[in-house]
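Counting convention: from 1, in listed order, for ligands and their atoms alike.
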Amino acid sequence: MRVLLVGGGGREHALALGLASDPAVSALIAAPGNPGIAEVAELREVTATDPAAVAALAVETAADLVVIGPEAPLVAGVADAVRAKGIAAFGPSGEAAQLEGSKTFAKDVMTAAGVPTARAYTCTDPESTGRALDEFGAPYVVKNDGLAAGKGVVVTDDRAAALAHAQECGRVVVEEFLDGPEVSLFVVTDGEAALPLLPAQDFKRIGDGDTGPNTGGMGAYAPLPWSPPGLVDEVMRDVVHPTLAEMRRRGTPFAGLLYVGLAITAAGPRVIEFNARFGDPETQVVLALLESPLGGLLHAAATGTLAAHPPLRWRDGAAVTVVVAAQGYPAAPRTGDVITGADRPGIIHAGTTRRASDGALLSAGGRVLCGTATGTDLAAARDAAYALVDGVELAGSQHRTDIAAAALNGRITIPG
Ligand code: AMP
């Protein structure tokens with residue numbers, strides 16, 4: 001099977017490692033890829049959000065399967081354009097990707113499907129925003145309605161800051177605050193059959209102790225030692241299957257990766273958000289533990305044959321990833337700094353590039369790379385991930401020191 005992987009971040013590097021280690025994958029091409037992905041794939045240039053360009057590249061490279069990593073190409077209809085050429089694509093149609101592309105659309109689907117989630121209002125002016133904020137009270141949750149690369153959400157006790165964010169965004173969803181630890185559950189689906197991956201937890205805030213602004217994600221671990229028994233079955237029954245059924249009923253079946261972001265509240269799991277693709281950096285830890293061949297799994301989802309796929313196999317132990325971010329991230333990341341110590345197994349590239357003159361590795365994004373490691377238990381995986389990160393040198397870089405710490409110390413509790 002020849003696979004074309006679209007994207008060039010940490011998620012795609014993790015996907016590339018999984019695809020490259022699947023014996024059924026005979027060729028792996030990545031576009032645009034990154035210097036880490038270049039170690040395991042042939043790189044091609046493409047504008048990932050240009051459906052016609054990606055479809056043409058899929059034809060040119062004789063791809064049997066196109067795996068689309070990021071949300072923007074999905075929302076732009078890249079999967080549709082690839083399928084129109086008769087090539088299997090892993091990723092939802094542009095219409096189905098609205099589950100991520102519009103928070104209002106996602107809320108509509110959840111309401112119609114009876115999925116447990118936060119109560120919410122869509123607001124476009126300060127008056128209705130103010131009323132919604134006052135109805136729910138602090139902490140206030142204000143979400144940009146459109147794609148915002150994981151940074152469109154403000155959670156704050158400061159009413160003025162909540163209002164200001166709403167005004168900056170234009171159209172927002174204001175919702176009630178969900179109290180409880182968060183879980184990311186990835187579900188591979190062909191629109192009907194659905195296979196959950198291992199639940200993971202990520203760390204959205206920039207600072208230790210969940211302080212500072214939201215980011216694209218600063219680290220992750222899996223599995224979750226504190227997760228309530230039966231959680232995955234409950235979420236599949238109450239969230240995933242009703243959502244997939246509602247999408248089929250609308251004539252826009254969702255096939256690809258359904259990312260369910262949950263808060264485990266006193267009243268049970270509640271959906272915080274849906275994404276239409278693998279989450280970054282949780283993908284790094286989930287795929288590090290997946291033993292079943294990744295190419296075969298994604299191909300089954302892309303071709304409507306997932307019901308016949310064997311049960312997923314997982315490695316024992318745990319995985320941890322720690323993100324190294326550039327100085328100034330998330331507000332104003334500095335790029336162009338030399339990185340050393342990154343050429344070791346377990347270093348996943350997210351925002352890196354090679355200097356044309358001498359091939360030196362340079363930072364090229366806010367989240368630059370991450371150290372991903374497995375271990376016989378969470379403590380061992382955590383130590384190994386931090387050892388990787390400690391070996392990387394990048395001027396002014398920042399990373400959290402508390403990834404997986406609370407889980408390890410038994411300090412994660414479910415309210416109520
Ligand atoms: P989202 O982009 O919707 O995942 O939101 C980013 C982050 O904001 C989530 O991971 C949560 O930490 C936080 N968040 C979003 N919605 C809520 C909510 N209703 N209650 C509490 N925290 C939330």
Side-chain angles (χ1 to χ4, degrees), residues 11 70-72 75 97-111 115-123 129 132-133 135-158 161-162 165-166 169 171-186 199-221 224 239 257-283 323 330 367 400 402-403 406 412 414-416:
R11 161 188 44 226
E71 59 273 21
V75 171
Q98 285 302 309
L99 268 189
E100 172 164 5
S102 164
K103 303 261 184 207
T104 302
F105 176 83
K107 281 286 175 193
D108 268 2
V109 170
M110 284 189 249
T111 304
V115 165
T117 185
R119 289 183 299 128
Y121 295 106
T122 298
C123 303
T129 305
L133 293 174
E135 178 178 332
F136 296 136
Y140 304 106
V141 180
V142 179
K143 303 184 171 188
N144 194 339
D145 184 51
L147 286 185
K151 284 156 263 180
V153 177
V154 162
V155 181
T156 177
D157 286 326
D158 179 347
H165 181 63
C169 296
R171 186 178 156 95
V172 293
V173 172
V174 176
E175 62 178 43
E176 80 184 299
F177 179 77
L178 296 171
D179 187 21
E182 289 180 37
V183 172
S184 303
L185 182 68
F186 298 170
Q201 189 173 51
D202 79 341
F203 295 76
K204 284 261 160 56
R205 304 278 186 149
I206 185 75
D208 281 358
D210 295 328
T211 54
N214 266 330
T215 69
M218 294 299 292
Y221 66 94
L224 309 177
V239 175
L257 194 290
L258 182 64
Y259 169 131
V260 187
L262 300 151
I264 313 304
T265 73
R270 296 284 179 271
V271 175
I272 288 184
E273 63 165 343
F274 285 137
N275 290 321
R277 37 74 195 176
F278 283 96
D280 192 345
E282 300 97 306
T283 303
V323 171
R367 291 186 298 167
R400 281 184 63 157
D402 63 348
I403 303 302
I412 297 189
I414 295 159

Under 4.0 Å from a heavy atom of V153: give me the atoms of ligand 1 that qualify, with their elements.
-> 1 (P), 2 (O), 3 (O), 5 (O), 6 (C), 8 (O), 15 (C)

When you look for heavy atoms under 4.0 Å from ligand 1, do you find them on the side chain of D179, its backbone, both, or neither?
-> neither

How are the rings of F186 and Y259 set to each other: parallel, tilted or perpendicular (split at 30° and 60°)?
-> tilted

Under 4.0 Å, heavy atoms only, figure out whether ligand 1 is touched by the backbone of L178, its side chain, both or neither.
-> both

Is there a side-chain contact between E175 and K107, using heavy atoms and a 4.5 Å cut-off?
-> yes

Sequence neighbours excluded, every pair satisfying salt bridge (charged side-chain N to carboxylate O under 4.0 Å, His left out) that has a member inside residues 176-186 | R119-E176

Counting from 1, what ligand 1 atoms have a heavy atom of K103 closer than 4.0 Å?
-> 1 (P), 2 (O), 3 (O)

Would you mind listing which atoms of ligand 1 come within a distance below 4.0 Å of any non-hydrogen atom of E182?
-> 9 (C), 10 (O), 11 (C), 12 (O)

Could you tell me the separation between the OG1 atom of T117 and the CE atom of M110, rounded to the nearest 0.5 Å?
-> 4.0 Å

Output yes when D210 and R400 qualify as a salt bridge under the 4.0 Å nitrogen-oxygen rule, no when they do not.
-> yes

Option set F274, Y259, F177, criterion heavy-atom distance to atom 21 (C) of ligand 1, minimum | F177

With a 4.0 Å cut-off on heavy atoms, is E176 touching ligand 1?
-> yes

Which of the numbered atoms in ligand 1 are below 4.0 angstrom from a heavy atom of E175?
-> 16 (N), 17 (C), 18 (C), 19 (N)

Can you give me every donor-acceptor pair (side chain of residues 265-274, partner residue at least two apart or in another chain, under 3.5 Å) with its distance?
unit_1: T265; atom_1: OG1; unit_2: A267; atom_2: N; d: 3.1
unit_1: T265; atom_1: OG1; unit_2: G268; atom_2: N; d: 3.4
unit_1: T265; atom_1: OG1; unit_2: G268; atom_2: O; d: 2.7
unit_1: R270; atom_1: NH2; unit_2: A267; atom_2: O; d: 3.4
unit_1: E273; atom_1: OE2; unit_2: N275; atom_2: ND2; d: 3.4

